[in-house]
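Computed over heavy atoms, backbone and side chain alike; hydrogens, waters and symmetry mates excluded.
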Amino acid sequence: QVLFALNQTLLQHESLRAGSLQAPYTTEDLIKHYNCGDLNAVIFNHDTSQVPNFINTTLPPHEQVTAQEIDSYFRQELIYKRNERMGKRVMTLLRENRDKSFFFAFGAGHFLGNNTVIDVLRQAGFEVEHTPPGQPI
């Protein structure tokens, strides 16, 4: 699976460089939607937006199964479990220090797709609000 993942990643990067594959959105698109607080935009609603996309319909059936297994593993280990750990750390700090104010900064990837840090906090009963750019905190 590791070899398969590496080969697929290299093939994707080679295709991007050669111009035969184009990213579905630009960095500017990501920045615009993130700054606008539009995390429900189509470009953010993919569970695999944070990891390479190994699922490719041109792969033979046995390789498609491998790709799906790797995709599921990455989604679970690199996204969901990590967001859960980060959310629990935030909750611990907030609960143990009720008299203090905190500012938490996370990479944009922790707010995208499903099972985000925000989802973890809201499911635990915390109220989370978006603060648009330029608005005082």
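- Arg95 has its side chain within reach of Phe126: a pair of non-hydrogen atoms, C-beta onward, lies under 4.5 Å apart.
- In this structure, Glu69 CD and Phe4 CZ are separated by 10.0 Å, a value rounded to the nearest 0.5 Å.
- Arg82 CZ to Glu77 CD: the interatomic distance, rounded to the nearest 0.5 Å, is 12.0 Å.
- Residues Val90 and Phe102 are not in side-chain contact: their nearest non-hydrogen atoms beyond the backbone lie 4.5 Å or more apart.
- The environment of Phe104 atom CZ is dense: over 12 non-hydrogen atoms of other residues, nucleotides or ligands sit within 6.0 angstrom.
- From Thr66, atom OG1 reaches atom CG of Leu3 across 11.5 Å, with rounding to the nearest 0.5 Å.
- Here the NZ atom belonging to Lys88 is positioned 12.5 Å from the CG atom belonging to Asn83, to the nearest 0.5 angstrom.
- To the nearest 0.5 angstrom, Arg89 atom CZ is 6.5 Å from Arg85 atom CZ.
- Both Phe106 and Leu93 belong to a common hydrophobic cluster when Ile, Leu, Val, Met, Phe, Trp and Tyr are linked at side-chain heavy-atom distances under 4.5 angstrom.
- Note that the CD atom of Glu129 and the CD1 atom of Ile118 stand 11.5 Å from one another [nearest 0.5 Å].
- When atom types are taken as modelled, the side chain of Arg122 and the backbone of Glu127 share no donor-acceptor pair closer than 3.5 angstrom.
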Item to check | Stepwise side-chain contact (heavy atoms from CB on, under 4.5 Å) test for Asn115 and Glu84 | outcome: CA-CA 8 Å; Asn115 302 311; Glu84 182 77 24; over 6 Å; no
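- One hydrophobic cluster, built from ILVMFWY side chains closer than 4.5 Å, holds both Val128 and Val120.
- Taking the side chain as every heavy atom from C-beta outward, Leu94 and Lys100 never approach each other to under 4.5 Å.
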